[in-house]
There are 2 protein chains.
Amino acid sequence: MKTRRDIFQAIADPTRRAIITLIALQAMTPNAIAEHFDSSRQAVSKHLRILSECELISQKQEGREIYYQLEVNKMKEVDQWISQFRQIWENKFNQLDEVLATLKAQKNEQ
Amino acid sequence: MKTRRDIFQAIADPTRRAIITLIALQAMTPNAIAEHFDSSRQAVSKHLRILSECELISQKQEGREIYYQLEVNKMKEVDQWISQFRQIWENKFNQLDEVLATLKAQKNEQ
DNA sequence: TGTAAGAGCAACCATTTGATTTCATACTAT
DNA sequence: ATAGTATGAAATCAAATGGTTGCTCTTACA
């Protein structure tokens, strides 16, 4: 069992992304979460385990209920990976600005 | 074959993420890309196909060679999904600021 | 013109994944 | 104590995934 299980693999599944969004603002129990989906409670429970394993969510017991909440800071790891490309696409805009400036200058010289 | 194949699934694989980073600044041929990995050329080729299918990369033929380049704008879709959480973690800081401001005010009143 | 190189595609295989079913555990309330 | 609720865990299964092998097609070049 290689169990790669990193954040990118965790957010690859659409149901897990929906769960993440769902509990982003407010901790919820597995039952409450499952009610929002077609999946069974057990299926949701497995998703929660995967999200827990890569520390994207944490839990706090409350009697016999368990509230799951998003560890939003963990999401920064994805943001960090994306940021390298953000630099590129912002650069592209800069280059486009240069092109436009050049064209404008040429036009003025005519 | 359900072939879910969205961006999140595409970047879930570490080899594909490496390919994306590799060609981010400079278009490359499959052979050149494969040299950077342990995987075979065919394995890389399959990854390239997946990345192409969700339009994360594009290709331009050059003789018998095909250069693959990153469609960096497509990456914005991931950035967009992340941004909702960015708002949350920035909000957390704001709340902390409020707490600090309150504490400071209370201290001044003493 | 024939041979080699660059690349895609289909078939196949082992592993992983996501879901369901069934069971076990822990807490609550009567 | 006992029944019911909330949840986790193991077994099982179909489908998806990532990789390899072998084949074909096109282009370059001697």
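Each chain gets a letter, A, B and so on, in the order the sequences are listed, and its residues count up from 1. FYI, side chains are in, hydrogens and waters are out, and symmetry mates aren't considered; it's all heavy atoms of this structure.
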(request) Check the distance between D:dT5's P and A:Ile66's CD1 and give it to me in whole angstrom. (result) 18 Å
(request) For A:Ser58, enumerate each residue passing the side-chain hydrogen bond (donor to acceptor under 3.5 Å, both in side chains) test, keeping only those at least two apart in sequence or located in another chain. (result) A:Gln69, A:Glu71
(request) Whole angstrom is fine here: how far is it from CD in A:Gln59 over to P in D:dG8? (result) 7 Å
(message) Between P on C:dA5 and CD on B:Glu65, what's the gap in Å once rounded to a whole number?
(response) 13 Å
(message) So does A:Glu55 get a backbone contact from the side chain of A:Ser52, meaning a donor-acceptor N/O pair under 3.5 Å?
(response) no
(request) Please report, rounded to the nearest Å, how far the P atom of D:dG18 is from the CZ atom of B:Arg17. (result) 11 Å
(request) Take atom CD1 of A:Ile57 and atom P of D:dG8, then tell me their distance rounded to the nearest Å. (result) 9 Å
(message) Donor-acceptor pair, distance only, cut-off 3.5 Å: does the side chain of A:Arg16 make one with the backbone of A:Ala10?
(response) yes
(message) Is it the case that the side chain of B:Gln42 and the backbone of B:Val44 share a donor-acceptor pair, with hydrogens and angles ignored and the cut-off at 3.5 Å?
(response) no
(message) From CG of B:Leu51 over to C1' of C:dA7, roughly how many Å is that when rounded to an integer?
(response) 16 Å
Show each protein N/O and nucleotides 28-30 of chain D N/O combination with a separation under 3.5 Å, one pair to a line.
none

(request) Answer with yes or no whether B:Arg41 presents, from its side chain, a donor or acceptor under 3.5 Å of a partner atom in the base of C:dA7. (result) yes
(message) Just to be sure I follow the notation: if a pair is Watson-Crick (purine N1 to pyrimidine N3 plus N6-O4 or O6-N4) or a G-U wobble (N1-O2 and O6-N3), each under 3.5 Å, what dot-bracket string does DNA chain C give, with | for pairs to another strand?
(response) ||||||||||||||||||||||||||||||
(request) Would you confirm whether A:Arg17, through its side chain, and A:Ala12, through its main-chain N or O, come within 3.5 Å as a donor-acceptor pair? (result) yes
(request) For C:dT17, take OP1 and OP2 only and decide whether either is under 4.0 Å from a side-chain N or O of A:Gln9. (result) yes
(request) Report yes or no: do A:Ile57 and A:Ile50 belong to one cluster of Ile/Leu/Val/Met/Phe/Trp/Tyr joined by side chain heavy-atom distances under 4.5 Å? (result) no
(message) Using the side chain to side chain contact (heavy atoms under 4.5 Å, CB included) definition, which of the options B:Leu56, B:Ile7, B:Ile82 pairs with B:Glu77?
(response) B:Ile7
(message) Can you tell me if B:His47 touches the phosphate of D:dT17, counting only side-chain N or O atoms and a distance under 4.0 Å to OP1 or OP2?
(response) no
(message) Count I, L, V, M, F, W, Y as connected when their side-chain heavy atoms are under 4.5 Å apart, and connections chain through other members. Are A:Leu51 and A:Phe37 then in the same cluster?
(response) yes
(message) Is there, by distance only and without an angle test, a donor paired with an acceptor across the side chain of A:Arg16 and the base of C:dG18 below 3.5 Å?
(response) no
(request) Please state how far atom NZ in B:Lys60 lies from atom P in C:dG6, giving the value in whole angstrom units. (result) 19 Å
(message) Rounded at 0.5 Å granularity, tell me how far CZ in A:Phe8 sits from SG in A:Cys54.
(response) 11.0 Å
(request) Name the closest nucleotide to the B:Ser45 side chain, picking from D:dG8, D:dG19, C:dG8. (result) C:dG8
(message) Are more than 12 heavy atoms, taken from residues, nucleotides or ligands other than B:Gln26, located less than 6.0 Å from that residue's CD atom?
(response) no
(request) Could you list the residues that satisfy side-chain hydrogen bond (donor to acceptor under 3.5 Å, both in side chains) with B:Asp79, not counting sequence neighbours? (result) A:Arg86, B:Arg86
(request) Using a cut-off of strictly less than 4.0 Å between a heavy atom of the residue and any atom of DNA chain D, enumerate the qualifying residues of residues 29-36 of chain A by number. (result) A:Thr29, A:Pro30, A:Asn31
(request) Output yes when a side-chain donor or acceptor of B:Gln61 lies under 3.5 Å from a complementary backbone atom of B:Gly63, and no otherwise. (result) yes
(message) Using the rule that Ile, Leu, Val, Met, Phe, Trp and Tyr join whenever any side-chain heavy atoms are under 4.5 Å apart, tell me whether A:Leu22 and B:Trp81 fall into a single cluster.
(response) yes
(message) Return whichever of A:Gln61 or B:Tyr68 has its heavy-atom-nearest nucleotide of DNA chain C closer to the 5' end.
(response) B:Tyr68
(message) So for atom CD, which belongs to A:Gln80, do other residues, nucleotides or ligands contribute more than 12 heavy atoms lying within a distance under 6.0 Å?
(response) no
Show me the protein contacts with nucleotides 10-14 of chain D, counting only N or O atoms at under 3.5 Å.
none

(message) Nearest whole Å is fine: how far is D:dA15 P from A:Asp13 CG?
(response) 17 Å
